[in-house]
Amino acid sequence: MVKHARGTGTQFSNLKASIVDSLNTSILVTGGAGYIGSHTCLELLRAGFRVTVFDNFSNSDSEALRRVERIAGKKLGVVNADVRDRAALVEALRASEATAVIHFAGLKAVGESVHQPLRYYDNNVVGALCLLESMEVCGVRSLVFSSSATVYGDPQFLPLTENHPLSATNPYGRTKLVIEDMLRDAYASNADWRYCILRYFNPVGAHDSGLIGEDPQGIPNNLLPFVAQVAVGRREFLNVWGNDYETPDGTGVRDYIHVVDLARGHLRALDMLQQGTSGQCTAVNLGTGRGYSVLDMVRAFEVACGQRVPYRIEPRRAGDIAACYSDPALARSLLNWSATRTLQTMCEDAWRWQKSNPAGYAT
Ligand code: NAD
Ligand code: WQD
């Protein structure tokens with residue numbers, strides 16, 4: 001059942017003209033309670049959208065949504081259900097009167113996907129299939145999909161442009177590729193669909209309130225949450241996976257992007273889909289275009305938290321690539337979007353979140 005409460009009129013009083021378009025527009029956000037989803041829901045609420053989160057909370061805490069509401073001063077609709085449940089999706093789409101969907105819901109741990117590939121295909125691919133079918137039933141045509149730079153596989157050239165050949169090196173990446181192909185096939189069969197595939201590079205950081213952020217379960221797989229847990233004393237030291245890559249300091253280079261910049265990219269994508277005069281299926285990179293090494297990240301985090309982050313050099317992690325960074329030109333020209341937050345801001349915001357919530361939402 002969708003529960004929805006609208007913001008009060010006074011909160012809308014100083015909205016800019018461009019934002020007025022979004023008033024009363026309703027968006028269904030699958031996986032909206034997760035790391036990127038919660039930040040995106042906040043930006044949507046602030047821009048005046050009505051937002052319904054559809055999440056099974058398999059990798060998130062409902063506290064994130066309470067905090068989004070607190071920061072925004074507005075209410076979310078919340079549906080606790082699984083995207084493989086078509087009936088629940090159809091009911092949520094109808095009850096919320098959504099005109100577009102942002103699809104974040106999915107499992108994302110690369111290592112886990114190697115050990116549990118069928119679970120990943122079921123959750124991610126079957127989930128996306130059920131969503132597309134439900135959207136078709138309800139006549140909802142616009143979809144923004146969370147893809148990943150992982151679909152470029154081992155880069156043949158850098159920076160990565162959207163026309164770089166696609167491949168996958170693990171089951172997680174393959175689920176993203178299969179879903180992208182599914183969208184391209186569906187669009188080829190019916191040009192009414194409006195799809196924007198966003199390929200994220202490495203999302204990091206947190207909202208500057210320190211109230212919402214990344215809350216990984218167990219040992220973090222990703223670099224910045226691990227560094228943050230070392231800094232807050234939850235872990236003793238960071239393992240740096242290899243310093244013998246062909247990069248300036250030998251450690252892996254990635255395109256880290258602030259999660260709030262990333263979240264705002266979704267609003268630009270929605271705007272493009274809804275303003276467009278025809279259907280489309282467009283893939284767009286969301287990155288900064290700059291690469292930083294693991295040791296760059298450690299140093300920037302040390303400045304942000306004002307203390308040393310001890311680390312040890314260990315052998316390379318299986319499946320890792322040396323360097324990966326985006327060409328963000330298409331996002332600039334097509335979405336009128338580019339990342340504005342610096343590496344230092346990413347680390348400062350990640351640290352504010354970590355130190356005020358040392359155990360994440362369970363704190
Ligand atoms: P997250 O795990 O924090 O959020 C995913 C959300 O989806 C969670 O709230 C989870 O409970 C929900 N969910 C999972 N399976 C579901 C299902 N079957 N039904 C309903 N809800 C379900 O992950 P995130 O970092 O916010 O990532 C969001 C999306 O972006 C994912 O699709 C992920 O693959 C993609 N992505 C993430 C990164 C990254 O580094 N964080 C990079 C590239 C792409
Ligand atoms: C970054 C760098 C590591 C942890 C993964 C997924 C990708 C995408 C984002 C979803 C690398 C090094 C890391 C640590 C380290 N997710 N590192 N010690 O591997 O670029 O991408 O997350 O789509 O699909 O593969 O990100 O944060 O794991 O690693 O030295 O404890 O940090 O070797 O060079 P990655 P990451």
Side-chain angles (χ1 to χ4, degrees), residues 29-40 53-62 64-65 79-85 88-89 102-111 113 119-120 122-124 126-128 130-131 145-153 168-170 172-173 175-176 179 198-204 213-217 219-227 229-230 235 237-243 245 247 251-257 259 262-263 266 286-287 291-298 311-325:
V29 183
T30 75
Y35 172 45
I36 306 169
S38 55
H39 288 81
T40 305
V53 170
F54 188 102
D55 201 304
N56 67 0
F57 297 95
S58 57
N59 195 38
S60 50
D61 192 316
S62 57
L65 299 180
V79 179
N80 183 343
D82 193 293
V83 283
R84 290 162 294 181
D85 181 345
L89 273 173
I102 307 181
H103 183 43
F104 292 108
L107 302 174
K108 63 167 182 179
V110 171
S113 80
R119 183 170 159 240
Y120 271 67
D122 184 30
N123 196 84
N124 294 5
V126 175
C130 291
L131 176 63
F145 170 61
S146 298
S147 189
S148 164
T150 193
V151 299
Y152 295 122
T169 54
N170 55 68
Y172 165 72
T175 66
K176 291 292 176 191
I179 298 166
L198 295 178
R199 295 184 182 144
Y200 312 153
F201 280 69
N202 289 58
V204 295
E214 189 168 8
D215 184 18
Q217 310 298 305
I219 301 170
N221 297 307
N222 294 117
L223 177 65
L224 216 67
F226 202 107
V227 168
Q229 290 193 5
V230 173
R235 310 200 181 270
F237 56 85
L238 168 73
N239 296 304
V240 174
W241 305 125
N243 67 349
Y245 287 106
T247 60
T251 65
V253 166
R254 299 290 185 273
D255 183 343
Y256 296 94
I257 173 168
V259 65
L262 190 76
H266 293 73
L286 290 187
Y292 289 100
S293 74
V294 176
L295 296 183
D296 289 334
M297 298 304 285
V298 169
Y311 65 84
R312 287 186 194 168
I313 305 292
E314 293 290 336
R316 293 179 180 193
R317 184 172 67 177
D320 265 358
I321 53 179
C324 171
Y325 50 92

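Predicted, not measured: the structure shown is a model, and the values here were computed from it. The first residue in the sequence is number 1, and the count goes up from there. Ligands are counted one by one from 1 in listed order, and the atoms in each one are counted from 1 as well.
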Quick check against the 3.5 Å criterion: does Tyr256 have a side-chain atom that pairs as donor or acceptor with the backbone of Phe201? no

Close-contact set for ligand 2 against Ser148 heavy atoms, below 4.0 Å: 10 (C), 23 (O), 24 (O)

For Ser146, atoms of ligand 1 separated by under 4.0 Å from a heavy atom: 29 (C), 30 (O), 32 (O), 35 (C)

Enter the distance from Asn239:CG to Arg317:CZ here, rounded to the nearest 0.5 Å. 10.5 Å

Look only at the side chain of Thr30 and the backbone of Ala105, and say whether a donor-acceptor pair between them is shorter than 3.5 Å. yes

Under a 4.0 angstrom heavy-atom cut-off, which atoms of ligand 2 come close to Val240? 30 (O)

Would Tyr256 count as a contact of ligand 2 if the rule is a heavy atom under 4.0 Å away? yes

Residue pair Thr251 / Ser293: nearest heavy atoms and the distance that separates them: OG1-CB, 3.2 Å

Atoms in ligand 1 with a heavy atom of Phe57 nearer than 4.0 Å: 11 (O)

For atom 18 (N) of ligand 2, which of the options Asn202, Asn239, Leu223 provides the nearest non-hydrogen atom? Asn239

Among Gly31, Gly106, Ser62, which one puts a heavy atom closest to atom 14 (C) of ligand 1? Gly106

Quick check on contacts: which atoms of ligand 1 are under 4.0 angstrom from a heavy atom of Asn59? 1 (P), 2 (O), 10 (C), 11 (O)

Asn124 side chain vs Leu107 backbone, donor-acceptor pair below 3.5 Å: yes

Taking non-hydrogen atoms only, is Asn222 closer than 4.0 angstrom to ligand 2 via side chain, backbone, both or neither? both

Looking at non-hydrogen atoms alone, which of Asn221, Thr175, Leu295 comes nearest to atom 4 (C) of ligand 2? Asn221

Please verify whether a non-hydrogen atom of Ser147 lies at under 4.0 Å from ligand 1. yes

Which is closest to atom 34 (O) of ligand 1 by heavy-atom distance: Tyr172, Tyr35, Tyr256? Tyr172

Hey, does Tyr245 have a side-chain heavy atom less than 4.5 Å from the side chain of Asp320? yes

Atom 4 (O) of ligand 1 sits nearest the protein heavy atom Gly34 CA, 3.4 Å

List every atom of ligand 1 that sits less than 4.0 Å from any heavy atom of Ser58, numbering the atoms from 1 in the order shown and giving each element. 10 (C), 11 (O), 13 (N), 14 (C), 15 (N)

Pairwise distance CG(Asp85) to CZ(Phe54) - rounded to 0.5 angstrom: 6.0 Å

Below 4.0 Å from ligand 1: does a non-hydrogen atom of Asn123 turn up there or not? yes

the protein heavy atom lying closest to atom 12 (C) of ligand 2 turns out to be Val294 CG2, 3.6 Å

Does even one non-hydrogen atom of Glu214 get within less than 4.0 Å of ligand 1? no

Looking only at protein heavy atoms, what sits closest to atom 31 (O) of ligand 2 is Trp241 NE1, 3.4 Å

Does ligand 1 have an atom that lies less than 4.0 angstrom from a heavy atom of Ala149? no

Heavy atom of the protein closest to atom 17 (C) of ligand 1 (residue, atom name, distance): Asn56 ND2, 3.3 Å

Looking at atom 29 (C) of ligand 1, what's its closest protein heavy atom, distance included? Phe104 O, 3.2 Å

Which class fits the ring pair Phe104 and Tyr200: parallel under 30°, tilted 30 to 60°, perpendicular over 60°? tilted

Give the atom numbers and elements of ligand 1 that come within less than 4.0 Å of a heavy atom of Ala33. 9 (O)

When distances are taken from atom 3 (C) of ligand 2, the protein heavy atom at minimum range is Asp320 OD2, 3.4 Å

Note: ligand 2 atoms sitting under 4.0 Å from heavy atoms of Val110 are 6 (C), 25 (O)

Closest to atom 19 (O) of ligand 2 by heavy-atom distance, out of Arg317, Arg254, Arg235, is Arg317

So, regarding Tyr172 and ligand 2 (criterion: nitrogen or oxygen to nitrogen or oxygen, under 3.5 Å), is there a contact or not? yes

Between ligand 1 and Gly127, can you find any atom pair, the residue atom being a heavy atom, that is separated by under 4.0 Å? no

